[in-house]
Amino acid sequence: MPRWVVARPAADDEEEEEQESSEEESDGDEAVIGFEEGGHGIAEQAGEEEEAQEAEQQEEAQAGPRKKQKISVKLGQRSLVCHVCGKPGHNAGFVGSVYLDCPNRPCYLCKRSGHTTMTCPYRIAPEHGCVQASSVSSDGVLGLVRKREQDGRKRELPMPHAGWQVDAAVLKLHSRRCTCLEFHPSKDNIVLSGDKKGQVAIWDFDKVYERTVYNLQRALCNNLRFLHSGDGMSCCSASSDGTLKVFDIETGFDSEVMNLNPEGWIDGVSNERNWGMFYGMDVCTHKGLVIAGDSKGLVHFADPREPKTLGSEQLHKKGNKVTSVHVNPADENVVLTGSNDWTARMSDIRCLSGSAASTSASASTGTSPVQLASLAHKAVVNAAYFSPITGGKIMTTCIDNRLRIWDSVYSTDRDPDREIVHSHDFNRYLTPFRAEWDPKDPNERLLVIGRYISEDFGGVALHPVDLMDASTGQLLQQLKDPNLTTICPVNKPHPRLDVIISGSSRSLYAWRPITPGEGEEGTASKASSSKSDATTTEVLLQGSAHFVFYDAEDGADEKKKRKAGAGAGPGGKDAKGKGKKK
DNA sequence: AGGATATGATCCC
DNA sequence: TGGGATCCCTATCC
């Protein structure tokens, strides 16, 4: 029984226009669903016409000034001109929920020529070209023994569940898109999310209506990690405003651990080059150490109890973002970093000199004494993670549309054991995709990643969240919901429960397995017959026990229940939604 | 309602 | 080495 909450973003300072918008928010079913802006209809598909091509010059010479024009692909239309390659005779773009590729361009999925996305072998069989892991291979007795020893006597990765559905959602929790997620280390139903404006929200996806928002930083919150020390209330946040802050999730009280721009922005002096931003960040639990990568290829080490940088190391090429930092779960001395310099690198922090200057020269040549391995990629590395239990495997997400798997940290001097072609090369405007290990899978094979290109599900274009097997490249499940039409770049499997949280646009969604007997109410099977938003709404309403409207704007008691059968809505309980000062 | 635009990697000149 | 054009899947602002 899916439960949906519409939350207004916490008040941004004191802005007057909030009132107007709260009205439009509160009026009716549109707001419930909150998908009114999702339309990707063909009519809205605007495109840029290419510069004049020889061939088309004569034909269109009389057409007047060529400016931006609407692209509306109609089947059977006469004079077709492709807005992608500029050649006549065909067109590209959405036809209903299906995107037709330009045949003159390489495949958008695998980037190879000779076919389009629709016929791409990687789309038809996601495991195409993928080597099976030795631990799941069936040949030979030795292989079997090895498999038994390495892989818990399992060859087939058990299908996680028959299906998943959105069980709960907070729509418009944030005022900007969600950028990162983190589960509470001990409280099962609590998830934290950061957004593009530096806000951090704490959401109870069980109670659904309970959430807290803090204005923690002034720019994009790139990473949240709990310190796992003391009471489990301290969380660390790395932001593009150049600060690293530790805050208490109960009180919102924060303290600055690091600031890359202590002088602040100085007009005429500060610019994009010298302004420091934090990206990837992780925590050494036992050492009480926070490790954060910045926008200049530096990795900083700090003790959150003492606001002072312990040291910095140029682990990546100067001027390139360190997009991801991960401490090996089995050996805290080993750190994996991903970067815009097209590499992921494994380093031993015991060899730190503590001074960025001393190793900056060697880092760019890849021969720093700190460095254990450098994993070459063909494009920017969005994320590089050790496997969550043994730390023995490595998975990277690269925007060349490939997930790379090394089955052993000792084979990092070779090519990856597997390259899984998967659509996650974001264009603009989206939070970078990051494939995440499922920490509950003892085999360390299950991974979760959102999909960029849409698929036609009964006439609706949806972007599923994919569950894949890192050992075979097999697509195990695609999580989808007709009411979730936006792309889900941020996804995280729960460390203990059968829950996956997805951050999509400004909203959070909690997926749970469909329990037998409950059926697939509200999912695509039902929506497939309906085309318009209105009917989709109907389907959602039918399939749900109750809706709770949560309007954080109006102060304390702003819960309005709607929709029949809504008795279950938790009564007049106050949610603390005021957010911190500032 | 619809255009401008923020935004980021990349490629090309 | 730098500016400008480009990009399928946004979302907000005006």
Please report, rounded to the nearest Å, how far the [atom2] atom of [N] is from the [atom1] atom of [X].
X	N	atom1	atom2	answer
A/N401	C/dC9	CG	P	14 Å
A/K111	B/dT10	NZ	P	11 Å
A/K172	C/dA11	NZ	P	10 Å
A/R176	B/dT5	CZ	C1'	12 Å
A/H377	B/dT10	NE2	C1'	18 Å
A/R506	C/dC13	CZ	C1'	12 Å
A/E272	C/dT1	CD	P	17 Å
A/L430	C/dA11	CG	P	7 Å

Partners meeting side-chain contact (heavy atoms from CB on, under 4.5 Å) with A/S347 (sequence neighbours left out):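 For A/S347, the residues satisfying side-chain contact (heavy atoms from CB on, under 4.5 Å) (neighbours in sequence not counted) are A/L315, A/V370.
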[N] to [M] separation - [atom1] atoms, rounded to the nearest Å:
N	M	atom1	answer
B/dG8	C/dT1	P	22 Å
C/dA5	B/dA4	P	15 Å
B/dT7	C/dC14	P	14 Å
B/dA1	C/dC8	C1'	23 Å

With A/F457, the side-chain contact (heavy atoms from CB on, under 4.5 Å) member among A/P464, A/P482, A/S97: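 Going through A/P464, A/P482, A/S97 one by one, the side-chain contact (heavy atoms from CB on, under 4.5 Å) with A/F457 is satisfied by A/P464 alone.
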Residue that, paired with A/D195, satisfies side-chain contact (heavy atoms from CB on, under 4.5 Å) out of A/C178, A/C221, A/S175, A/C180: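 In the set A/C178, A/C221, A/S175, A/C180, the residue that makes a side-chain contact (heavy atoms from CB on, under 4.5 Å) with A/D195 is A/S175.
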So does A/Y452 get a side-chain nitrogen or oxygen closer than 4.0 Å to the phosphate oxygens (OP1/OP2) of C/dC9?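 For C/dC9, OP1 or OP2 has a side-chain N or O of A/Y452 closer than 4.0 Å.
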Do any side-chain nitrogens or oxygens of A/S505 fall under 4.0 Å of OP1 or OP2 in C/dA11?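 Indeed, a polar side-chain atom of A/S505 lies that close.
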Strictly distance-based, threshold 3.5 Å: is any side-chain N or O of A/K245 a donor or acceptor partner for the main-chain N or O of A/Q217?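 Between the backbone of A/Q217 and the side chain of A/K245 there is no qualifying donor-acceptor contact (under 3.5 Å).
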Report yes or no: does A/H424 contribute a side-chain atom to a donor-acceptor pair with the main-chain N or O of A/H422 at less than 3.5 Å?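 Here the side-chain-to-backbone pair exists.
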With sequence neighbours excluded, residues passing salt bridge (charged side-chain N to carboxylate O under 4.0 Å, His left out) with A/E127: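 In terms of salt bridge (charged side-chain N to carboxylate O under 4.0 Å, His left out), with neighbours along the sequence ignored, A/E127 is linked to no residue.
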Identify, with sequence neighbours excluded, every residue that meets salt bridge (charged side-chain N to carboxylate O under 4.0 Å, His left out) alongside A/K111.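 With sequence neighbours excluded, A/K111 shows a salt bridge (charged side-chain N to carboxylate O under 4.0 Å, His left out) to A/D425, given in chain and number order.
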Closest-nucleotide 5' rank along DNA chain C - winner of A/R105 and A/R273: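 In this pair, the answer is A/R273.
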Pairs under 3.5 angstrom, nitrogen or oxygen only, protein versus nucleotides 7-9 of chain B, please.
unit_1: B/dA9; atom_1: OP1; unit_2: A/K321; atom_2: NZ; d: 2.9
unit_1: B/dA9; atom_1: OP1; unit_2: A/N340; atom_2: ND2; d: 3.1

Going by atom types alone, do [X] and [Y] pair a side-chain donor with an acceptor below 3.5 Å?
X	Y	answer
A/S454	A/H463	no
A/W511	A/S502	yes
A/H377	A/D400	no
A/T431	A/R177	yes

Might you list the N or O atoms of the protein lying below 3.5 Å from N or O atoms in nucleotides 3-5 of chain C, with each pair's distance?
none

Tell me the stems DNA chain C sits in, counting at least three consecutive Watson-Crick or G-U wobble pairs, each under 3.5 Å on both distances.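 Listed by first number, the stems are B:2-6 with C:10-14, B:8-13 with C:2-7.
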Parallel, tilted or perpendicular: ring planes of A/Y452 versus A/F433, cut at 30 and 60 degrees: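 Geometry flag for A/F433 against A/Y452: perpendicular rings.
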